[in-house]
Amino acid sequence: MPKISSDTLWEQAAAEVHSREAEGGEEDAGETLSERTVFLMGSKSGGKTSILLRCLDRDEPPKPTLALEYTFGRRARGHNIPKDIAHLWELGGGTSLSDLVRIPITAASIRSLSVILIVDLSKPNGLWGTTERLLEAAQNQLQKVSSKAQQAQKGKRQTARVLPKDYPDRELISPFPVPLLIVGSKYDIFQELDSDKRKVVCKTLRFVAHYYAASLIFTSIKSESLMSKTKSFFSHLAFALDRGKTVSCDSTKPLVIPAGSDSFSQIGSPHTTDVDIPSLHAKNPKDLWKKVYERVFPQENTSEQRELKDPARDPQYSEPQIDATRAQKDQELDQYKRDAAKSWKGLELET
């Protein structure tokens, strides 16, 4: 029997993977896939881990997310039937580590991928910037992966997200490439804000969600009722379960709006108290909503976020003993550099 080289085995394995991916592209993802990927991202310290643990029924204390973390969830479908598996990725650090979206968003995951954006309602001044930057980073990666996959399959038609013909404002919106859920966290703190400011946040998030054909829900880990609804939306993305039929668009109550349940006519125009619309010089409706929102809630300075690009300098990842040792070593290094500089100067004077 002729010996097969390792190179040949690798080539055969790669060819088999490409073949399976090509065949899978023609299947109905919603019916045949037993594995799905859910990517969570959002506001720094916005409660992403706490919400995820509750949705997975895990009774354990949440820990700060270090960069990008992976876990998984499983659900039994029936006797002698393989369990459904959800691959769960969580991005930490808010917008500072947005370039890591390339890890969970790949050619292998895109067919079964969903995205959950969790925004901190208790910090409205950082809400628009976080939403815009993270969705843009994810969307750019999705487009890049889709383009490469299409080239690899030599122009074969890709499975894209297609909205029903009767979807509200279908011709006016820009659907996110994969199913998207926007979660407003810390509703218990948010409801203490001034009513007019709450209305601005609610209408703006309704616009953003509808513009991207996304679902929207407000939640709080202190409310069993809200967490139950949030878990239904999560399970719909992770395991294709029914998300329920509850709809609430009242800004005086927690919003619960499944994708396709809202419309621009119901949302209305931006809350423009003390704002001169013509002076904003908006380029399009989305830009108008952004500028009106930022007039009411001036956005936070992002220079601090850029400085904390290194997780080792981020206070939420502090380790007292390690940090003390690191500081001591940094001081020793500085002293060594100063001593070395003096030595070089002494050599120069002698010559």
Side-chain angles (χ1 to χ4, degrees), residues 12-42 52 55-56 68-77 81-91 98-117 134-165 167 170 173-183 209 212-215 232-243 258-260:
Q12 290 178 351
E16 177 68 16
V17 170
H18 287 308
S19 175
R20 289 182 181 180
E21 288 182 350
E23 292 173 1
E26 297 174 1
E27 297 175 355
D28 183 355
E31 294 296 331
T32 61
L33 283 177
S34 60
E35 294 190 24
R36 292 176 174 79
T37 300
V38 180
F39 175 38
L40 292 87
M41 57 184 184
L52 178 59
C55 288
L56 293 174
L68 182 70
E69 295 190 0
Y70 169 83
T71 188
F72 66 91
R74 292 186 296 180
R75 172 186 170 272
R77 297 166 60 182
I81 301 177
K83 291 183 178 180
D84 288 336
I85 299 175
H87 301 283
L88 309 169
W89 294 89
E90 181 187 349
L91 179 68
S98 59
D99 54 334
L100 294 180
V101 299
R102 67 182 185 279
I103 296 175
I105 302 177
T106 65
S109 69
I110 191 172
R111 286 185 60 251
S112 61
L113 178 70
S114 300
V115 173
I116 298 179
L117 174 70
L134 289 178
L135 289 183
E136 183 179 351
Q139 198 161 16
N140 289 341
Q141 177 64 12
L142 284 164
Q143 292 173 349
K144 187 184 299 182
V145 168
S146 297
S147 178
K148 288 183 178 179
Q150 191 166 4
Q151 292 175 4
Q153 295 191 16
K154 299 178 181 179
K156 183 180 290 187
R157 186 177 178 182
Q158 298 296 302
T159 303
R161 186 186 181 198
V162 179
L163 299 180
K165 292 184 178 180
Y167 197 95
R170 190 171 184 267
I173 62 178
S174 179
F176 202 70
V178 298
L180 172 65
L181 168 63
I182 299 176
V183 179
Y212 286 113
S215 296
S232 296
F233 276 78
F234 169 82
S235 298
H236 176 70
L237 298 178
F239 304 113
L241 299 181
D242 183 28
R243 64 187 172 196

Kindly give the heavy-atom pair with the smallest separation between [X] and [Y], and that separation in Å.
X: Leu68; Y: Pro104; result: CD2-CD, 3.9 Å
X: Ala259; Y: Ser215; result: N-OG, 2.9 Å
X: Leu91; Y: Ser98; result: CD2-CA, 4.2 Å
X: Ala240; Y: Arg36; result: CB-NH2, 3.5 Å
X: Tyr167; Y: Gly260; result: OH-N, 2.9 Å

Find the distance between [atom1] ([X]) and [atom2] ([Y]) and round it off to the nearest 0.5 Å.
X: Leu237; Y: Leu180; atom1: CG; atom2: CG; answer: 9.0 Å
X: Lys144; Y: Thr106; atom1: NZ; atom2: OG1; answer: 13.0 Å
X: Thr37; Y: Arg111; atom1: OG1; atom2: CZ; answer: 11.0 Å
X: Leu135; Y: Tyr212; atom1: CG; atom2: OH; answer: 5.5 Å
X: Lys83; Y: Phe72; atom1: NZ; atom2: CZ; answer: 9.5 Å

### Query
Any donor-acceptor pair under 3.5 Å linking the side chain of Arg102 with the backbone of Asp99?
yes

Measuring only between side-chain heavy atoms, which start at C-beta, is [X] closer than 4.5 Å to [Y]?
X: Ser34; Y: Asp84; result: yes
X: Arg74; Y: Ile85; result: yes
X: Phe39; Y: Ser109; result: no
X: Met41; Y: Leu117; result: yes

### Query
Residues in side chain to side chain donor-acceptor pair (under 3.5 Å) with Ser235, at least two apart?
none

### Query
Do the two ring centres, one from Trp89 and one from Tyr70, sit under 6.0 Å apart?
yes

### Query
Which residues satisfy the side-chain contact (heavy atoms from CB on, under 4.5 Å) test with Leu52, sequence neighbours excluded?
Leu40, Leu56, Thr71, Leu88, Glu90, Phe234

